[in-house]
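Protein chains get the first letters and strands the later ones, always in sequence-line order, with residue 1 at the start of each.
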Number of protein chains: 2
Amino acid sequence: MAVESPALTQLRRGALEHCVLALLEGGERYGYDLVAELSEAGLLASEGTIYPLLSRLRRDDLVATTWRESASGPARRYYALTVKGTDALEAFRDAWGQFSTSVQQILHPKGTS
Amino acid sequence: MAVESPALTQLRRGALEHCVLALLEGGERYGYDLVAELSEAGLLASEGTIYPLLSRLRRDDLVATTWRESASGPARRYYALTVKGTDALEAFRDAWGQFSTSVQQILHPKGTS
DNA sequence: GGTCGATACCTTGTACCGCAAGGTATCGAG
DNA sequence: CTCGATACCTTGCGGTACAAGGTATCGACC
């Protein structure tokens with residue numbers, strides 16, 4: 001595994017939350033499942049991060065949840081986007097575009113005269 | 001001006017520090033000057049953010065500083081990249097590339113089957 | 001029917017960093 | 001000599017990722 005630079009930990013802030021919303025756009029997901037995908041993408045370092053985050057999303061009415069039993073294993077809590085969540089995601093896509101462009105330009109300036 | 005979403009505040013974390021290093025790659029800069037450029041780029045909301053950040057960079061030997069008098073106005077503290085700072089910047093460019101790619105892919109998935 | 005690993009949920013304590021507000025000092029203009 | 005711009009810095013607050021640890025369910029195996 002690559003050595004986790006502390007800078008990455010800071011980068012994940014703010015982005016992680018909306019990445020969860022983006023994943024939910026493709027359909028309902030449950031927490032443990034999200035952990036696996038986000039960890040693989042390098043956007044999540046610990047399971048302990050996601051549950052408080054999901055609680056916040058629920059508190060703010062960006063997602064709605066339903067318990068559902070699993071064919072094998074304990075029951076799961078599924079998360080689905082609300083209308084408010086969809087709006088927040090769309091707003092974030094804009095913000096992310098502007099932000100990442102700004103960072104990109106500062107990191108790799110064109111006119112180096 | 002666009003409404004400042006709180007998500008942006010979190011996004012700036014981690015990126016801001018290395019954006020400062022990137023700006024210094026083009027030559028010495030002083031704090032008040034950096035504030036102007038980073039604010040314009042939307043990467044900084046308050047002057048109060050930059051000085052503790054610069055202190056950290058100095059503490060960690062990523063930058064070196066020299067006081068210099070100004071033709072008009074108070075003296076300025078100029079910041080310059082150290083070798084260690086240059087290395088950190090290069091490492092961050094890699095990390096940023098991977099990170100922003102991951103976020104981009106989750107935000108805008110290709111196979112929407 | 002008892003144990004064990006995997007699955008799946010959640011909580012607590014810590015550290016870190018951006019932000020707003022406020023403070024100090026220097027310089028030129030009126 | 002006051003006032004605005006420049007230029008530096010500090011303090012208190014809030015939000016969030018992380019590590020570590022905790023609880024419960026299920027299937028498999030003995």
Novice: List the atom pairs, with distances to 0.1 Å, where a side-chain N or O of residues 11-22 of chain A and a protein N or O form a donor-acceptor pair under 3.5 Å, not counting sequence neighbours.
Specialist:
{"unit_1": "Arg12(A)", "atom_1": "NH1", "unit_2": "Gly42(A)", "atom_2": "O", "d": "2.7"}
{"unit_1": "Arg12(A)", "atom_1": "NH2", "unit_2": "Glu4(A)", "atom_2": "OE1", "d": "2.7"}
{"unit_1": "Arg13(A)", "atom_1": "NE", "unit_2": "Gln10(A)", "atom_2": "OE1", "d": "3.3"}
{"unit_1": "His18(A)", "atom_1": "ND1", "unit_2": "Gly14(A)", "atom_2": "O", "d": "3.2"}

Novice: Output the residues of residues 49-58 of chain A in contact with DNA chain D, where contact means a heavy atom of the residue under 4.0 Å from an atom of the strand; sort by number or write none.
Specialist: Thr49(A), Leu53(A), Arg56(A)

Novice: Using heavy-atom distances to pick each residue's nearest nucleotide on DNA chain D, tell me which of Gly48(A) and Gly14(A) is more 5'.
Specialist: Gly14(A)

Novice: What N/O pairs connect the protein and nucleotides 27-30 of chain C at under 3.5 Å? Give each pair on its own line.
Specialist:
none

Novice: Of all of residues 21-46 of chain A, which get a heavy atom below 4.0 angstrom from DNA chain D, listed by number?
Specialist: Leu44(A), Ala45(A), Ser46(A)

Novice: Sequence neighbours excluded, which residues qualify as ring-ring contact (aromatic ring centres under 6.0 Å, His included) partners of Tyr32(B)?
Specialist: none

Novice: Under 4.0 Å, heavy atoms only, any strand: does Arg13(A) hit a base, just the sugar-phosphate, or nothing?
Specialist: base

Novice: Contact list please: residues 94-101 of chain B against DNA chain C, heavy atoms, distance less than 4.0 Å, in numerical order.
Specialist: none

Novice: Hey, which of these two, Arg77(A) or Gln10(A), hits DNA chain C nearer its 5' end, going by closest nucleotide?
Specialist: Arg77(A)

Novice: Which atom pairs, one a donor and one an acceptor, fall under 3.5 Å between side chains of residues 85-95 of chain B and the rest of the protein, sequence neighbours left out?
Specialist:
{"unit_1": "Thr86(B)", "atom_1": "OG1", "unit_2": "Thr82(B)", "atom_2": "O", "d": "2.9"}
{"unit_1": "Arg93(B)", "atom_1": "NH1", "unit_2": "Leu107(A)", "atom_2": "O", "d": "2.2"}
{"unit_1": "Arg93(B)", "atom_1": "NH2", "unit_2": "Glu25(B)", "atom_2": "OE1", "d": "2.8"}
{"unit_1": "Arg93(B)", "atom_1": "NH2", "unit_2": "Glu25(B)", "atom_2": "OE2", "d": "2.9"}

Novice: Within the structure provided, determine whether Tyr79(B) and Arg29(B) are in side-chain contact (heavy-atom separation under 4.5 Å).
Specialist: no

Novice: How long is the line joining CG of Leu11(A) and P of dC17(C), in whole Å?
Specialist: 12 Å

Novice: Hey, could you give me each pair passing salt bridge (charged side-chain N to carboxylate O under 4.0 Å, His left out) that has a residue in residues 99-109 of chain A? Not counting sequence neighbours.
Specialist: none

Novice: So what is the end-to-end bend of the helix from dG1(C)-dC30(D) to dG30(C)-dC1(D), with 5 pairs used at each end and the value given to 10 degrees?
Specialist: 0°

Novice: Test of understanding: with salt bridge (Lys or Arg N to Asp or Glu O under 4.0 Å), list the residues that count as partners of Arg76(B), not counting sequence neighbours.
Specialist: none

Novice: Where do Trp96(B) and Ser100(A) land on the side-chain contact (heavy atoms from CB on, under 4.5 Å) test, with the steps shown first?
Specialist: CA-CA 10 Å; Trp96(B) 170 260; Ser100(A) 65; 4.0 Å; yes

Novice: Side chains of residues 49-66 of chain B: which donor-acceptor partners sit under 3.5 Å, not counting sequence neighbours?
Specialist:
{"unit_1": "Thr49(B)", "atom_1": "OG1", "unit_2": "Ser46(B)", "atom_2": "O", "d": "3.4"}
{"unit_1": "Ser55(B)", "atom_1": "OG", "unit_2": "Tyr51(B)", "atom_2": "O", "d": "3.0"}
{"unit_1": "Thr66(B)", "atom_1": "OG1", "unit_2": "Arg68(B)", "atom_2": "NH2", "d": "3.1"}

Novice: With heavy atoms of chain A within less than 4.0 Å as the criterion, where does contact along DNA chain D begin and end?
Specialist: dG15(D) to dG27(D)

